[in-house]
Colleague: 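Sharing a structure with you now.
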Amino acid sequence: MSLRTIEWKNNGIKIIDQTRLPAEFRYLCLKDIKSLWHAIKELKVRGAPAIGAAAALGVYLGVKGFKKKDFASFQKELDQVIAYLASSRPTARNLFWGLERMRRTALEHRDTPVEGIKKILFKETQEIIEEDRRVCRMIGFWGSKLIKDKDTVLTVCNAGILATLDYGTALGVIYKAKEQGKRIKVFACETRPLLQGARLTVWELEKNNVDVTLICDNMAAAVMKSGRIDKVIVGADRIAANGDTANKIGTYSLAVLSRYHNIPFYVAAPFSTFDGAVNTGKDIPIEERCPGEIKELYFKRPIAASRTKVFNPAFDVTDHGLITAIITERGIIKPPFGENIKKVMSNNKI
Ligand code: MRU
């Protein structure tokens, strides 16, 4: 299945409305940054790399109509657009990476006329999109080396085509292994409360003829104990300097369970997800979302009383000690993560 999850079309940002899947496949064309902000907040576009690319396109969308010709006024506008988009979701590093890359590009060309800077910014958005497509394929390439014929892989949330520009990180590893002729099975955790596993991962794996079985999140331990799972592969929203990894809520419990059952636990992520400025997982901001997602969404009638207190963190942090290896576009990083991440980030080598 070849699918472009995000592109610039008809003077707007064309995305797939992921909240409607799998029942309905519908594109949205976002023509202003307020619509984009809401699309990110409401997970119409979601997944760390996809959010990063959408935000970069959002910067261009936000400044393309700016009329004044002096750089100081342009920069003021640019900063406002970036600050606004940065407030949409707090956890995925890629969001801030995409925004900062656009800011840097504009500043590097401050001596170019404003109309020229806009063109350069547009070019940068296209480069970000193409880069993600290449990077995901490299993650798939390296990750597939860890996969054996007839392996069964457990995953959570959606770190696939829909979460990136068109190939996926954790699921990119599966796609690559399949392209190599390996017979792979996947168990997908449904991923309460927003059901990205049930709605999105199952949808895209089925479309790509991957053998997938859906389980409820609370079944993972029993499925591991039964000996059905060979490997766990998950995506990431932010990786701290020591390797602690924030990803969809429930990832940490899978890592703990994997350790208990002696199953390798892999994180697949591009370098745009690494945050060298954050030393450990304790400093990663974890998004908390509205109670209605737990109590009401996807149910005909509310499943809990409106007075019920709810805690709804969207992500959790997996301690680096529970991670077997991190699969990146530059290769596979093994422990000790603090040391090895630093090495890879500074000299591009593993
Ligand atoms: O809340 P979501 O659906 O944006 O969460 C997404 C995840 O947790 C993904 O695993 C992560 O962003 C990696 S996507 C390649």
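Keep in mind that the numbers below use all heavy atoms, side chains included, and drop hydrogens, waters and symmetry copies. Note that ligands are numbered from 1 as they come in the structure, with each ligand's atoms numbered from 1 the same way.
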Colleague: Supply the members, apart from L297, of the Ile/Leu/Val/Met/Phe/Trp/Tyr cluster built from side-chain contacts under 4.5 Å; use none for a lone residue.
Modeller: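 Reading the cluster by chain and number, L297 sits alongside L43, L194, L195, Y298.
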
Colleague: Can you spot which of L3, L162, L21 makes a side chain to side chain contact (heavy atoms under 4.5 Å, CB included) with E204?
Modeller: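 Result: among L3, L162, L21, L162 is the only option passing the side chain to side chain contact (heavy atoms under 4.5 Å, CB included) with E204.
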
Colleague: Less than 6.0 angstrom from the centroid, inside 45 degrees of the normal: does K248 satisfy that with respect to the ring of F315?
Modeller: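 Yes, K248 lies over the aromatic ring of F315.
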
Colleague: Between ligand 1 and the protein, tabulate every N or O atom pair separated by less than 3.5 Å, reporting distance only.
Modeller:
unit_1: ligand 1; atom_1: 1 (O); unit_2: R89; atom_2: NH1; d: 3.4
unit_1: ligand 1; atom_1: 1 (O); unit_2: R89; atom_2: NH2; d: 2.8
unit_1: ligand 1; atom_1: 1 (O); unit_2: K248; atom_2: NZ; d: 2.8
unit_1: ligand 1; atom_1: 3 (O); unit_2: R46; atom_2: NE; d: 2.5
unit_1: ligand 1; atom_1: 3 (O); unit_2: R46; atom_2: NH2; d: 3.4
unit_1: ligand 1; atom_1: 3 (O); unit_2: Q196; atom_2: NE2; d: 2.9
unit_1: ligand 1; atom_1: 4 (O); unit_2: G47; atom_2: N; d: 3.1
unit_1: ligand 1; atom_1: 4 (O); unit_2: R89; atom_2: NH1; d: 2.9
unit_1: ligand 1; atom_1: 8 (O); unit_2: D237; atom_2: OD1; d: 3.0
unit_1: ligand 1; atom_1: 8 (O); unit_2: N247; atom_2: OD1; d: 3.1
unit_1: ligand 1; atom_1: 8 (O); unit_2: K248; atom_2: N; d: 3.3
unit_1: ligand 1; atom_1: 10 (O); unit_2: N247; atom_2: OD1; d: 2.7
unit_1: ligand 1; atom_1: 12 (O); unit_2: A48; atom_2: N; d: 2.8
unit_1: ligand 1; atom_1: 12 (O); unit_2: D237; atom_2: OD1; d: 2.9
unit_1: ligand 1; atom_1: 12 (O); unit_2: D237; atom_2: OD2; d: 3.4

Colleague: Identify whether NZ of Lys or CZ of Arg in R228 sits under 6.0 Å from the centre of the six-membered ring of F187 and within 45° of that ring's axis.
Modeller: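 Here R228 fails the 6.0 Å and 45° test against F187.
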
Colleague: Let me know which of I120, V114, L121 forms a side chain to side chain contact (heavy atoms under 4.5 Å, CB included) with H109.
Modeller: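 The residue from I120, V114, L121 that satisfies side chain to side chain contact (heavy atoms under 4.5 Å, CB included) with H109 turns out to be I120.
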
Colleague: Does R26 pair with D17 as a salt bridge, N-O distance under 4.0 Å?
Modeller: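 Salt bridge: no.
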
